[in-house]
> 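Okay, handing you the structure first.
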Amino acid sequence: MRGNVVELAVAVVVGAAFTKIVNAVVDGVIGPLVGAFGTQNLDSYTSCLKGPCGEVNGEQIGVLISWGSVLSAALTFLITAAVVYFLMILPMNRFKARMDAKKPQETPAATELELLAEIRDELVAARRAGGADGQLDLDKTVSAQRSGSGES
C-alpha cells in the first residue's frame with residue numbers, strides 16, 4: 001500500500017472528479033436550501049465590518065467580509081472529507097485488518113537480555129550438575145564454542 005504511484009495517481013483523478021460532484025451538490029442542493037431563507041448564491045452573503053460598504057467608481061470602500069464563500073468552501077470540504085473517509089479510508093482499514101488477521105503470527109526474536117539469561121541459567125545448571133569436574137567440562141565447552149565462532 002505504501003509508495004504505489006499508480007494508486008496515488010488514481011486517487012488524484014478520482015478526487016478531482018469527486019470535487020466537481022461535491023461542488024454540484026453544494027450549488028444544486030445546499031444553495032437552494034439556503035435560498036429558502038435568503039438568496040440562493042452563497043457568495044452573495046457578506047457583512048460590512050467598517051464604514052459604509054460599496055463600490056464607488058469601481059473601487060471598494062469599507063471593509064467587506066464575504067463569509068458566504070467561506071461557508072460554501074467549508075461545506076464542500078466537509079462533504080468531501082466525509083465521503084472520502086466513509087467510502088474509502090474506513091473500508092480500506094477494515095480490509096487491511098482482515099488481511100492482517102489472516103497472516104500467521106510470527107514469534108518475536110529473542111532479545112539479547114533473554115539470550116543472556118538463558119546462557120546464565122545453563123551455566124548455573126552445568127555447575128550444579130557437575131561440581132568441580134563440571135567446571136572443567138564447562139570450560140572446554142566454552143573454549144570450543146569460542147574457537148568455532150572465530151573468537152579467541
Side-chain angles (χ1 to χ4, degrees), residues 1-127 138 141-152:
M1 296 295 286
R2 292 184 186 167
N4 195 341
V5 177
V6 174
E7 288 180 3
L8 183 61
V10 170
V12 169
V13 171
V14 169
F18 187 71
T19 301
K20 292 179 182 178
I21 293 172
V22 171
N23 286 333
V25 168
V26 169
D27 293 339
V29 176
I30 295 175
L33 289 175
V34 172
F37 303 105
T39 180
Q40 186 173 2
N41 186 4
L42 291 176
D43 293 335
S44 66
Y45 288 99
T46 59
S47 294
C48 188
L49 186 63
K50 181 180 177 185
C53 293
E55 283 191 31
V56 175
N57 297 330
E59 228 178 271
Q60 180 71 33
I61 59 170
V63 179
L64 186 68
I65 298 177
S66 300
W67 58 271
S69 60
V70 174
L71 179 66
S72 176
L75 288 173
T76 302
F77 171 76
L78 288 175
I79 293 170
T80 304
V83 169
V84 167
Y85 179 76
F86 288 113
L87 294 182
M88 294 180 181
I89 293 174
L90 200 60
M92 184 59 70
N93 287 343
R94 288 182 183 163
F95 175 74
K96 288 170 85 176
R98 286 182 186 164
M99 296 308 288
D100 290 343
K102 289 182 181 179
K103 289 181 182 177
Q105 297 294 330
E106 295 180 10
T107 57
T111 64
E112 287 183 26
L113 188 60
E114 291 170 347
L115 292 174
L116 289 172
E118 287 179 22
I119 293 170
R120 179 200 61 209
D121 295 342
E122 288 181 18
L123 290 173
V124 168
R127 284 188 181 167
L138 182 61
T141 304
V142 170
S143 63
Q145 288 176 349
R146 285 185 180 167
S147 65
S149 64
E151 296 179 12
S152 53

> Taking E114 for its side chain and T111 for its backbone only, find out whether a donor-acceptor pair lies under 3.5 Å.
yes
> With a cut-off of 6.0 Å (strictly less than), are more than 12 heavy atoms of other residues, nucleotides or ligands near CG of L33?
yes
> Should D100 and K103 count as side-chain neighbours, where that means a heavy-atom distance under 4.5 Å?
yes
> Rounded to the nearest 0.5 Å, what separation is found between the CG atom of L113 and the CD atom of E118?
10.5 Å
> Sequence neighbours excluded, which residues qualify as side chain to side chain donor-acceptor pair (under 3.5 Å) partners of S47?
W67
> Kindly indicate whether the side chain of V83, heavy atoms from C-beta on, has any atom under 4.5 Å from the side chain of F18.
yes
> With rounding to the nearest 0.5 Å, note down the distance linking CG in L75 to CG in N23.
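Separation between the atoms: 11.0 Å.
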> Going by side-chain contact (heavy atoms from CB on, under 4.5 Å), C53 matches just one of I61, T46, L64. Which one?
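Between C53 and the candidates, side-chain contact (heavy atoms from CB on, under 4.5 Å) is satisfied uniquely by L64.
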